[in-house]
S.K.: 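Could you have a look at this structure, given as structure tokens, before my questions?
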Amino acid sequence: MRLAERTSLLRPSPTMALDAQAKEMQRAGRSVISFGVGEPDFDTPEPVKEAAIAALRAGRTKYTPVAGIPELRKAIAERFLREQGTSYPEAGVVVTAGAKQALYELFQALLNPGDEVIVPAPYWVTYPDQIVLAGGRPVVVPVGLERRFGLTLADLEAATTERTRAVVLNSPQNPAGAVLEPDEVVRIAEWAAARGIALISDEVYGKLVYDGAEHRSPASASPAAREATIVVDAVSKTYAMTGWRIGWLLTSDLKLASAVSSLQSQSTSNANSVAQYAALAALQGDDAALPGMVRAFAARRDLMVDLLRRLPGFEVDVPRGAFYCFPRVRQLLESPPKGLHFDSGDALAAYLLEETGVAIVPGSGFGMPEYVRLSYATSEEQIREGLTRVAKALGA
Ligand SMILES: Cc1ncc(COP(=O)(O)O)c(C=O)c1O
């Protein structure tokens with residue numbers, strides 16, 4: 001078959017590719033420890049599962065409105081108001097099959113050919129591909145370890161041209177766990193509003209912050225900032241619900257909400273009906289499982305940072321959010337232990353997987369080839385065992 005040109009624009013997700021390889025090795029009987037996964041290892045809270053079972057029993061198994069059941073859209077808007085002090089209309093809430101679909105539809109709805117979108121790096125792997133698929137041009141702005149991944153307004157200003165249509169903000173961030181300072185968020189939000197630039201704020205890790213870090217949405221900076229901001233969020237990470245596929249976007253621009261709904265109506269229609277009721281229960285619940293999950297992540301983070309700092313040529317900052325460490329391995333690539341040679345982070349990750357059965361993700365997919373990403377959404381035993389194997393393989 002002759003395939004459409006757009007299929008050649010796509011790079012397969014490197015995290016998913018690595019996950020597939022690790023699972024293949026496991027099937028072949030190898031002992032594999034994966035630091036590749038981007039999902040909590042906790043189970044979905046029991047009351048959420050019960051709500052899904054109740055929805056099934058009540059026959060909530062039919063099509064719903066494309067933008068989601070009214071109760072869920074209301075709960076999403078109410079929650080954002082409660083937590084960020086900013087009100088979005090329920091008509092500006094569109095429920096999607098995960099945050100990923102919300103982002104996909106946003107780029108499709110906002111971009112014309114050649115429109116530029118500023119993407120700070122390291123970035124979540126999916127943004128550039130979704131932008132390119134929509135005909136846009138990702139403008140990557142790297143901010144690395146030397147600046148503790150601290151994006152500033154000056155970085156965005158320097159990358160802005162007359163074609164800049166949008167900026168993607170992701171705080172807390174995947175992969176480095178950086179959390180933007182609240183005053184920087186306000187500066188960026190005011191600037192975007194004044195320049196007529198859309199701020200796409202991916203807040204899926206908003207609840208996973210440590211050491212007293214504060215997650216501030218740019219939408220909360222001012223009424224103008226709220227109008228410039230489109231918030232993207234999901235139950236995926238917060239409630240250990242990655243497989244349920246419920247996310248959403250919030251916008252005050254009802255024309256945009258309606259365009260996104262139209263796109264969705266001609267592609268996937270409503271998000272899964274039963275999962276919507278489960279998400280409703282999650283949002284209306286008391287978040288009882290959350291503090292324990294955050295405490296566990298913080299302890300695992302401390303352990304992982306401590307062990308990574310003992311590895312030769314690994315430099316790592318303490319992440320303040322999400323559940324990943326993103327060490328720079330430049331020194332290791334430049335002067336590897338005797339007898340070893342890696343010409344890239346990709347080669348290092350391939351060597352470690354083959355040699356030790358430990359899966360880590362090369363930084364190239366996140367726009368930073370001299371780094372690697374390790375998820376600490378796994379047990380302390382696995383972290384200890386995995387990093388002990390890595391240390392041995394690197395002669396530490
Ligand atoms: C920054 C970021 N945004 C969005 C998503 C996608 O979330 P969902 O599973 O709700 O589509 C992920 C998942 O890894 C992510 O890391």
Side-chain angles (χ1 to χ4, degrees), residues 12-20 34-42 44 48 68 72 76 93-108 117 119-131 138 140 149 151 166-180 199-209 215 217-218 230-250 260 264 267-268 271-272 275-276 278-279 282-283 297 319-326 361 363 365-368 373-378:
S13 158
T15 46
M16 299 233 171
L18 181 100
D19 201 43
S34 181
F35 295 129
V37 290
E39 59 186 351
D41 54 325
F42 301 101
T44 300
V48 174
L72 179 57
I76 289 166
V93 179
V94 182
V95 177
T96 56
K100 194 180 251 180
Q101 190 185 25
L103 290 160
Y104 179 85
E105 290 171 348
L106 273 177
F107 294 129
Q108 291 289 329
V117 181
V119 182
Y123 46 71
W124 180 46
V125 289
T126 295
Y127 304 137
D129 290 79
Q130 288 193 342
I131 292 165
V140 174
F149 307 100
L151 180 77
V167 171
V168 180
L169 275 192
N170 175 216
S171 176
Q173 173 224 48
N174 175 6
V179 181
L180 275 172
L199 258 193
I200 299 176
S201 181
D202 179 343
E203 305 183 8
V204 297
Y205 296 102
K207 291 276 184 301
L208 303 180
V209 287
H215 163 60
S217 173
I230 304 134
V231 177
V232 173
D233 205 343
V235 287
S236 307
K237 316 284 176 174
T238 318
Y239 298 103
M241 291 178 71
T242 45
W244 296 78
R245 309 310 301 138
I246 297 291
W248 56 83
L249 61 89
L250 294 141
V260 165
Q264 190 164 299
S267 52
T268 58
N272 178 294
Q276 288 190 59
L283 293 184
F297 279 145
R320 296 200 305 154
F323 40 66
Y324 311 98
C325 287
F326 197 58
V361 190
F366 307 99
M368 296 223 153
R373 191 193 77 174
L374 296 90
S375 162
Y376 51 84
T378 185

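Counting starts at 1 for both ligands and their atoms, in listed order.
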S.K.: As a test of understanding, state which of I200, V119, L151 forms a side-chain contact (heavy atoms from CB on, under 4.5 Å) with L169.
M.R.: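 With L169 as partner, side-chain contact (heavy atoms from CB on, under 4.5 Å) holds for just one option, L151.
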S.K.: Could you verify whether a donor N or O on one side chain and an acceptor N or O on the other, from T96 and E105, lie under 3.5 Å apart?
M.R.: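 No, no side-chain donor-acceptor pair sits under 3.5 Å.
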S.K.: Less than 6.0 Å separating the ring centroids of Y205 and F323?
M.R.: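 Between Y205 and F323, the centre distance is under 6.0 Å.
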S.K.: Contact residues of ligand 1 with a heavy-atom cut-off of under 4.0 Å?
M.R.: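 Ligand 1 pocket, heavy atoms under 4.0 Å: G98, A99, K100, W124, Y127, N170, N174, D202, V204, Y205, A234, S236, K237, R245.
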S.K.: Taking atom CZ of F326 and atom CD of Q173, what is their separation to the nearest 0.5 Å?
M.R.: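 The distance works out to 8.0 Å.
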S.K.: Nearest 0.5 angstrom please: D202 CG to L249 CG, how far?
M.R.: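 Atom-to-atom, D202:CG and L249:CG are 11.5 Å apart.
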S.K.: R373 vs N174, test: side chain to side chain contact (heavy atoms under 4.5 Å, CB included). Steps then yes/no.
M.R.: CA-CA 9 Å; R373 191 193 77 174; N174 175 6; 2.9 Å; yes
